[in-house]
*Asks:* 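Take this structure, written in structure tokens, and hold onto it; I'll ask about it next.
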Amino acid sequence: MKFQAVNGFKDILPDEAVRWRRLEEQARAVFRRFGLREVRVPILESTGLFARAIGEATDVVEKEMYTFADKGLTLRPEATAGLLRAYIEHGLHVQQPVQRLFTIGPMFRHERPQKGRQRQFHQIDVEIIGASEPGIDAELMAMAQMVFDELGLQVSLEINSIGCPQCRPDFRVKLVDYLSSRMDGLCEDCRRRVSTNPLRALDCKNRGCRSVVQDAPSIIDSLCRDCDTHFTAVRQHLDAFGLRYAVNRFMVRGLDYYTRTTFEFTTDQLGAQSAIAAGGRYDGLIEQLGGPAKMPGIGFGMGMERIVLLMEQQADTEKAIERADLFVAALGEQALSCAAPLVHELRKLGFAAAIDYSSRSLKAQMKQADRVKARFVLILGEEEIVRHEAALRNMDSQEQSAFPLAGTAAVLAERLAGLISL
RNA sequence: GUGGGCGUAGCUCAGCUGGUGGCAGCACCGGGUUGUGGCCUCGGCGGUCGUGGGUUCAAAUCCCAUCGCUCACCCCA
């Protein structure tokens with residue numbers, strides 16, 4: 001019986017973990033400049049929270065959640081709901097009128113896995129709660145762009161406004177009217193959508209649907225005065241920040257809670273999965289979840305798997321190298337009993353020191369030293385023990401010098417430290 | 001949930017129309033260098049050919065089933 005990882009769940013092995021760490025560190029570095037603070041929330045929440053936040057009728061809630069039915073609990077399919085729950089539960093709005101938060105971690109959705117889509121996937125999730133000004137929207141996008149820029153990734157930004165509860169219903173009626181008159185040009189799915197979720201027809205990939213939709217009424221033309229003003233201001237801010245973007249009036253969102261600004265960072269280099277970060281404003285959501293009335297918010301999620309895939313195939317040529325500072329090649333019992341405590345002392349001093357306890361041939365140990373990319377090797381054999389003098393080899397320059405074995409392990413370590421930290 | 005492709009060594013893969021599993025590459029171990037890495041060279045370790053059934057004198061190869069992986073649809077980060 002051989003066990004293997006569950007379908008859609010992936011191991012991230014050391015070589016790849018290096019890339020993941022770089023992504024996280026880069027994001028954290030940028031977030032700090034924008035005043036974001038980290039929160040860590042559970043990955044398990046009440047099923048009702050997600051149903052309420054994401055929307056009962058969405059695909060995510062309807063068929064993609066990992067739910068423990070008997071316990072009424074669900075593994076989070078996205079991060080915003082849980083984060084807002086924590087915000088509300090702990091009354092964070094009292095501490096500070098505007099909260100800028102981020103969290104990093106796994107999400108779970110029971111979909112069929114494919115390139116760039118796993119059942120356990122990871123997101124870097126950002127939320128700015130308590131501010132409705134358009135400058136906030138633009139700043140959030142500028143921040144995401146900065147993360148991509150500093151990772152050396154080429155991405156495109158698309159934005160749209162999907163209105164608010166004031167203006168969207170009117171648009172919806174207009175759109176349904178239009179689509180109903182062009183039913184024969186729509187695919188089977190979209191015909192169904194006309195009654196269930198007409199906005200979704202706007203971003204259908206089907207050819208026929210696309211041409212029908214080209215002439216459909218535009219949400220942007222149907223925005224109410226406030227939404228229109230907001231959207232215009234967002235664009236002005238984006239221009240002021242020097243961000244390149246395109247308005248995509250066909251972009252809609254899969255989760256019900258979005259209002260006004262929505263945006264996506266996309267790439268064409270990931271097969272079918274083009275969105276690597278996406279989000280938008282959700283001005284009614286916090287109140288809907290039992291939080292303070294009229295509390296606005298906006299946020300986005302970055303798909304870490306997808307970004308890591310991009311890092312693999314873009315620019316990212318030079319690998320981060322993890323080098324050992326020193327490898328001690330010990331030959332024989334006596335040498336080992338001298339080498340082991342020495343390595344221990346070096347590690348206490350903060351050095352990455354390695355040792356091979358197997359007492360293999362010097363050649364084999366040198367090979368091992370090379371594999372861990374040791375900068376120095378201390379050769380400690382029987383001869384050296386007798387002479388009280390080991391050999392210290394610089395692996396890059398191939399220079400070798402004598403290292404007197406006088407004193408305790410701690411004393412030797414101090415002296416070695418001086419020699420190898422140059 | 002639907003459709004396509006693929007399962008041969010730890011990894012990447014040859015193996016055509018059935019006839020004993022590959023001097024295959026990478027990795028790993030060892031020799032050449034009786035105590036000095038990378039490069040080279042020689043050798044070695046390593047496989048229930050995903051699993052079960054069928055056809056056949058003979059199946060990695062053909063047929064059926066099943067499991068797994070993968071890509072795409074749907075949807076989404």
Side-chain angles (χ1 to χ4, degrees), chain A residues 1-10 13 15 54 58-64 77-80 104-126 144 155 187-190 192-193 197 200 203-206 251-255 263-267 270-280 299-310 324 327 329-332 335 356 358-385 390-396 398-400:
Chain A
M1 191 53 167
K2 231 179 174 181
F3 290 105
Q4 58 177 346
V6 173
N7 190 14
F9 290 67
K10 271 181 87 177
L13 301 177
D15 284 342
I54 300 168
T58 57
D59 279 12
V60 170
V61 170
E62 260 180 7
K63 52 193 190 196
E64 295 173 0
E78 56 96 57
T80 304
I104 300 177
M107 315 291 156
F108 304 85
R109 287 184 202 172
H110 191 101
E111 308 173 272
R112 281 294 270 275
Q114 65 190 71
K115 189 177 175 70
R117 194 175 76 186
Q118 301 298 323
R119 286 180 171 174
Q120 175 179 332
F121 60 103
H122 299 76
Q123 284 191 357
I124 298 175
D125 188 76
V126 174
V155 300
C187 71
E188 205 178 314
D189 286 328
C190 284
R192 182 172 43 78
R193 285 175 181 138
N197 193 350
R200 195 52 71 65
D203 73 344
C204 182
K205 285 170 193 154
N206 180 286
M251 185 174 72
V252 296
R253 311 266 64 221
L255 314 181
F263 57 93
E264 268 179 27
F265 287 88
T266 61
T267 173
L270 247 42
Q273 259 49 248
S274 58
I276 57 173
F300 68 83
M302 298 174 110
M304 297 182 75
E305 277 77 4
R306 294 179 184 180
I307 295 173
V308 167
L309 279 173
L310 263 191
F327 184 96
L331 301 157
D356 184 343
S358 69
S359 236
R360 294 191 290 171
S361 72
L362 182 59
K363 178 173 179 163
Q365 295 200 44
M366 291 299 289
K367 238 181 140 170
Q368 176 60 19
D370 196 57
R371 245 194 307 261
V372 300
K373 302 176 191 75
R375 294 163 49 234
F376 290 90
V377 172
L378 187 72
I379 298 167
L380 198 46
E382 276 143 15
E383 289 176 24
E384 283 81 358
I385 294 292
L392 182 63
R393 180 177 177 84
N394 181 322
M395 293 293 272
D396 296 329
Q398 306 186 43
E399 286 165 31
Q400 212 160 295

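Just so it is clear, the structure is predicted and the values come from calculations on it, not from any experiment. So you know, we letter chains A, B, ... as the sequences are listed, proteins then strands, and number each from 1.
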*Asks:* Walk along nucleotides 25-39 of chain B from 5' to 3' and tag each nucleotide B, S or - by protein heavy-atom contact under 4.0 Å, base first, then sugar-phosphate.
*Replies:* ---SSS-B--BBBB-
*Asks:* Touch check for A:N7, heavy atoms < 4.0 angstrom, all strands: base, sugar-phosphate only, or nothing?
*Replies:*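 Sugar-phosphate, backbone atoms only, no base.
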*Asks:* Taking atom P in both B:C69 and B:A77, what distance in whole Å separates the two?
*Replies:*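 Going atom to atom, P in each nucleotide, I get 24 Å.
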*Asks:* In whole angstrom, give me the gap between the P atoms of B:A65 and B:G4.
*Replies:*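 Taking atom P in both B:A65 and B:G4, they lie 13 Å apart.
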*Asks:* So, does A:R200 get its side chain near the phosphate of B:C76, meaning an N or O under 4.0 Å from OP1 or OP2?
*Replies:*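 Looking at the OP1 and OP2 atoms of B:C76, one of them is under 4.0 Å from a side-chain N or O of A:R200.
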*Asks:* How does RNA chain B look in dot-bracket notation if pairs are Watson-Crick or G-U with both distances under 3.5 Å, crossing ones as [ ], other-strand ones as |?
*Replies:* (((((((..((((.....[..).))).(((((.......))))).....(((((..]....))))))))))))....
*Asks:* Which heavy-atom pair separates A:E264 from A:A275 by the least distance, and what is that distance?
*Replies:*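 The pair with the smallest heavy-atom distance is OE1-CB, 4.2 Å.
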*Asks:* List in chain and number order the residues that pass ring-ring contact (aromatic ring centres under 6.0 Å, His included) with A:F265, two or more places apart in sequence or in another chain; answer none if no residue qualifies.
*Replies:*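 A:F265: ring-ring contact (aromatic ring centres under 6.0 Å, His included) contacts with A:F148.
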*Asks:* Just call it for A:G271: base, sugar-phosphate, or nothing, with non-hydrogen atoms closer than 4.0 Å on any strand.
*Replies:*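 Here A:G271 touches the backbone only, sparing every base.
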*Asks:* Would you sort out whether A:M302 and A:M304 count as a side-chain contact (heavy atoms from CB on, under 4.5 Å), showing the intermediate values?
*Replies:* CA-CA 6 Å; A:M302 298 174 110; A:M304 297 182 75; 5.6 Å; no
*Asks:* Can you give me the closest heavy-atom contact between A:L331 and A:R360, atom names plus distance?
*Replies:*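 Residues A:L331 and A:R360, closest heavy atoms: CD2-O, 3.3 Å.
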*Asks:* Classify the side chain of A:Q114 and the base of B:C74 as holding, or not holding, a donor-acceptor pair under 3.5 Å.
*Replies:*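 Answer is yes: a donor-acceptor pair is held.
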*Asks:* If the C1' atom of B:G47 is compared with that of B:G10, how far apart are they to the nearest Å?
*Replies:*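 Comparing C1' positions in B:G47 and B:G10 gives a spacing of 12 Å.
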*Asks:* Expressed as a whole number of Å, how far does the C1' atom of B:U41 sit from that of B:G5?
*Replies:*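 Looking at atom C1' only, B:U41 and B:G5 are 41 Å apart.
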*Asks:* Quick one: on RNA chain B, does A:A277 or A:G8 contact a more 5' nucleotide (nearest heavy atom)?
*Replies:*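 The residue closer to the strand's 5' end, by nearest nucleotide, is A:G8.
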*Asks:* Check this one for me: any side-chain N or O of A:R253 less than 4.0 Å away from OP1 or OP2 of B:C76?
*Replies:*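 Looking at the OP1 and OP2 atoms of B:C76, neither is under 4.0 Å from any side-chain N or O of A:R253.
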*Asks:* Determine the interatomic distance between C1' on B:U61 and the same-named atom on B:G21; round to the nearest Å.
*Replies:*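 After rounding to an integer number of Å, I get 12 Å for this pair.
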*Asks:* Are there any protein N/O atoms within less than 3.5 Å of an N/O atom in nucleotides 3-13 of chain B, and if so, which ones and at what distance?
*Replies:*
none

*Asks:* Which parts of nucleotides 44-49 of chain B does protein reach within less than 4.0 Å, heavy atoms only, written one letter per nucleotide 5' to 3' as B for base, S for sugar-phosphate only and - for none?
*Replies:* ------
*Asks:* Who are the salt bridge (Lys or Arg N to Asp or Glu O under 4.0 Å) partners of A:K367, not counting sequence neighbours?
*Replies:*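 With sequence neighbours excluded, A:K367 shows a salt bridge (Lys or Arg N to Asp or Glu O under 4.0 Å) to no residue whatsoever.
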*Asks:* Just checking A:A369: base, sugar-phosphate only, or nothing, at a heavy-atom cut-off of under 4.0 Å?
*Replies:*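 Counting heavy atoms under 4.0 Å across all strands, no contact is made by A:A369.
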*Asks:* Would you indicate whether A:Q400, at its atom CD, is surrounded by more than 12 heavy atoms from other residues, nucleotides or ligands within a distance under 6.0 Å?
*Replies:*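 Correct, the count exceeds 12.
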*Asks:* How far does the P atom of B:U12 sit from the matching atom of B:G18, given to the nearest Å?
*Replies:*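 So the two P atoms sit 28 Å from each other.
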*Asks:* From the list B:C76, B:G68, B:C73, which nucleotide is the closest neighbour of the side chain of A:Q4?
*Replies:*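 Closest nucleotide among those given: B:G68.
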*Asks:* Quote, to the nearest angstrom, the C1' distance that separates B:A60 from B:C49.
*Replies:*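 About 5 Å, rounded to a whole number of Å.
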*Asks:* Taking the P atom in each of B:G15 and B:G22, what is the distance between them to the nearest angstrom?
*Replies:*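 One P to the other, the span is 14 Å.
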*Asks:* As a quick check of understanding, evaluate side-chain contact (heavy atoms from CB on, under 4.5 Å) for A:D356 and A:F327, giving each step before the final call.
*Replies:* CA-CA 8 Å; A:D356 184 343; A:F327 184 96; 3.8 Å; yes
*Asks:* Contact class for A:E62 vs. all strands (heavy atom < 4.0 Å): base, sugar-phosphate, or nothing?
*Replies:*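 It contacts nothing in the nucleic acid.
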